[in-house]
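To start, the structure itself, in structure tokens.
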Amino acid sequence: MARKYVSNKDVSVRIFKSDFMEWFSHVHPAVPHVIYIPVICVMLYVSYSNGAAPLRIGLLFLAGLVLWTLFEYVGHRFAFHAGPRIEEEVRQTVSALEPGEPALSKIKGFRRKHYFIAHGVHHDFPNDTRRLVMPPSVSVPLAVIFFFAFRLVFGASVAPALFAGFILGYLIYDTIHYAVHHWQLHGRVTLYLKKHHLRHHYQDSTRDYGVSSPLWDYIVGTKGRAAG
């Protein structure tokens with residue numbers, strides 16, 4: 001479904017009535033790298049200090065990267081989107097707001113509120129550089145949950161290197177996501193990813209869910225087609 005967007009950089013909308021909550025909804029895109037690059041290094045060191053061979057660490061690290069692409073696809077498709085009807089209702093509500101009016105005061109229903117906070121604000125204001133990445137208040141607890149889930153499912157000897165690859169996948173996703181919206185890209189791969197993602201924004205939001213990789217869109221059959 002084609003949609004209209006505000007194109008000016010950092011033009012956005014107020015989400016929360018509370019100044020405190022509103023401040024936390026704006027995150028510099030470098031913040032995840034500052035937090036999680038040390039985490040990746042620590043996880044790899046833990047894996048090595050536990051006696052894992054370098055080849056095993058490398059394979060687990062690669063498996064974590066692939067696992068991230070699956071999580072990215074599933075999360076984007078099923079957790080971040082709410083269906084064309086709800087998304088259009090939210091867009092119309094937000095477009096009717098008075099300047100400075102908090103969006104959540106007008107958006108009705110948990111599902112609509114969740115969609116807008118988690119992803120809708122990005123779809124309506126895709127060039128807002130401060131709402132491209134997840135706030136640490138959300139991402140850090142999620143990272144802790146995922147790490148212990150990895151330990152539970154894969155075991156203590158496997159989890160650190162696997163988790164390190166998973167977190168690197170998240171940072172690659174954040175970097176690519178920022179780049180396709182805000183950088184001039186020239187390489188064949190990066191231009192392809194840019195066209196892939198912007199097609200999701202401007203042509204059909206029910207397709208092209210992969211941002212860092214179109215792998216699962218090909219596998220599942222949700223890869224979009226160029227207009228015309």
Side-chain angles (χ1 to χ4, degrees), residues 3-42 68 71-72 75-76 78-82 86-148 163 166-183 197-198 200-201 205 209 211-212:
R3 297 173 65 175
K4 295 182 180 180
Y5 300 90
V6 173
S7 60
N8 294 334
K9 182 179 178 180
D10 286 337
V11 172
S12 191
V13 68
R14 186 179 181 93
I15 297 178
F16 300 98
K17 183 178 181 180
S18 165
D19 289 338
F20 179 78
M21 294 293 291
E22 184 68 13
W23 185 82
F24 272 101
S25 74
H26 296 267
V27 183
H28 192 281
V31 168
H33 297 78
V34 173
I35 294 174
Y36 292 112
I37 287 176
V39 172
I40 293 171
C41 295
V42 169
W68 165 260
F71 175 79
E72 176 190 311
H76 190 182
F78 298 107
F80 285 176
H81 279 277
I86 288 178
E87 292 172 17
E88 181 62 19
E89 289 175 0
V90 170
R91 187 195 67 80
Q92 291 179 3
T93 299
V94 172
S95 66
L97 291 172
E98 296 294 331
E101 187 176 16
L104 288 193
S105 67
K106 295 296 184 181
I107 298 173
K108 306 301 182 183
F110 173 80
R111 192 176 181 192
R112 290 167 178 80
K113 290 179 185 290
H114 170 265
Y115 160 70
F116 185 72
I117 294 172
H119 200 53
V121 66
H122 170 61
H123 263 266
D124 286 337
F125 302 91
N127 291 331
D128 183 352
T129 61
R130 299 305 177 100
R131 284 190 171 132
L132 265 173
V133 301
M134 191 175 294
S137 58
V138 178
S139 71
V140 171
L142 283 176
V144 172
I145 291 170
F146 272 106
F147 175 71
F148 283 104
F163 183 69
F166 187 82
I167 292 297
L168 180 62
Y170 166 62
L171 294 183
I172 291 172
Y173 155 79
D174 265 349
T175 303
I176 291 175
H177 195 197
Y178 186 88
V180 298
H181 282 288
H182 299 290
W183 292 353
H197 184 60
L198 295 187
H200 169 78
H201 268 277
S205 65
Y209 293 103
V211 177
S212 64

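Positions are given from 1 along the sequence. Values in this document were obtained by computation on a predicted structure and should not be read as measured data.
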Can you sort out the partners of Phe80 under ring pair (Phe, Tyr, Trp, His ring centres under 6.0 Å), two or more places apart, ordered by chain and number? His119
Do His76 and Val211 pass the side chain to side chain contact (heavy atoms under 4.5 Å, CB included) test, and can you show the C-alpha distance, the side-chain angles, and the key distance before you say yes or no? CA-CA 9 Å; His76 190 182; Val211 177; 4.2 Å; yes
Does His177 have its ring centroid less than 6.0 Å away from the ring centroid of His122? yes
Counterpart residues, side chain to side chain donor-acceptor pair (under 3.5 Å), relative to Arg112 (two or more places apart): Glu89
Taking ring pair (Phe, Tyr, Trp, His ring centres under 6.0 Å) as the test, write out the residues that go with Phe147, two or more places apart. Phe163
Check Lys113 against Ile107 and note the closest heavy-atom contact, atom names and distance. NZ-O, 2.7 Å
Are any non-hydrogen side-chain atoms of Leu198 and His181 less than 4.5 angstrom apart? yes
What's the shortest heavy-atom distance between Val138 and Pro141, and which atoms? O-CD, 3.3 Å
Report yes or no: do Glu87 and His81 form a side-chain donor-acceptor pair below 3.5 Å? yes
Please check if the side chain of His26 supplies one atom and the backbone of Arg130 the other of a donor-acceptor pair under 3.5 Å. no
Taking only residues two or more places apart in sequence or in another chain, which ones pass side chain to side chain donor-acceptor pair (under 3.5 Å) with Arg14? Asp19
Donor-acceptor contacts, no H, no angles, side chain residues 31-42, under 3.5 Å, sequence neighbours left out:
from	atom 1	to	atom 2	distance (Å)
His33	NE2	Thr175	OG1	2.8
Tyr36	OH	Ser139	O	3.2
Tyr36	OH	Ser139	OG	2.9
Tyr36	OH	Val140	N	3.2

Return a table of donor-acceptor pairs under 3.5 angstrom between the side chains of residues 97-106 and protein atoms on other chains or two or more places apart.
from	atom 1	to	atom 2	distance (Å)
Glu101	OE1	Glu98	N	2.9
Ser105	OG	Pro102	O	2.6

Is there a side-chain contact between Trp68 and Ile172 (heavy atoms, below 4.5 Å)? no
Could you tell me which non-hydrogen atom of His123 sits nearest to which non-hydrogen atom of Ser205, and how far apart they are? CE1-CB, 4.1 Å
Got Asp124 and Val13 here, is their nearest side-chain heavy-atom distance under 4.5 Å? no
Just so I know, are the side chains of Asn127 and His182 near enough to count as touching, which here means a heavy-atom distance under 4.5 Å? yes
Scan residues 22-37 for pairs that pass salt bridge (Lys or Arg N to Asp or Glu O under 4.0 Å), counting only residues two or more places apart or in two chains. Glu22-Arg131
Counterpart residues, side-chain contact (heavy atoms from CB on, under 4.5 Å), relative to Ala179 (two or more places apart): Trp183, Leu185
Mind checking side chain to side chain donor-acceptor pair (under 3.5 Å) for Tyr170 and listing every partner two or more places apart, or none if nothing turns up? Asp174
Is Val133 close to Tyr178 at the side-chain level, that is, under 4.5 Å between some pair of heavy atoms? no
Phe20: which residues meet the side-chain contact (heavy atoms from CB on, under 4.5 Å) condition with it, sequence neighbours left out? Ser18, Phe24
Return the set of residues passing ring pair (Phe, Tyr, Trp, His ring centres under 6.0 Å) with Phe110 (not counting sequence neighbours), or none when no residue passes. none
Ile176 side chain reached by Ser212 side chain, heavy atoms, under 4.5 Å: yes
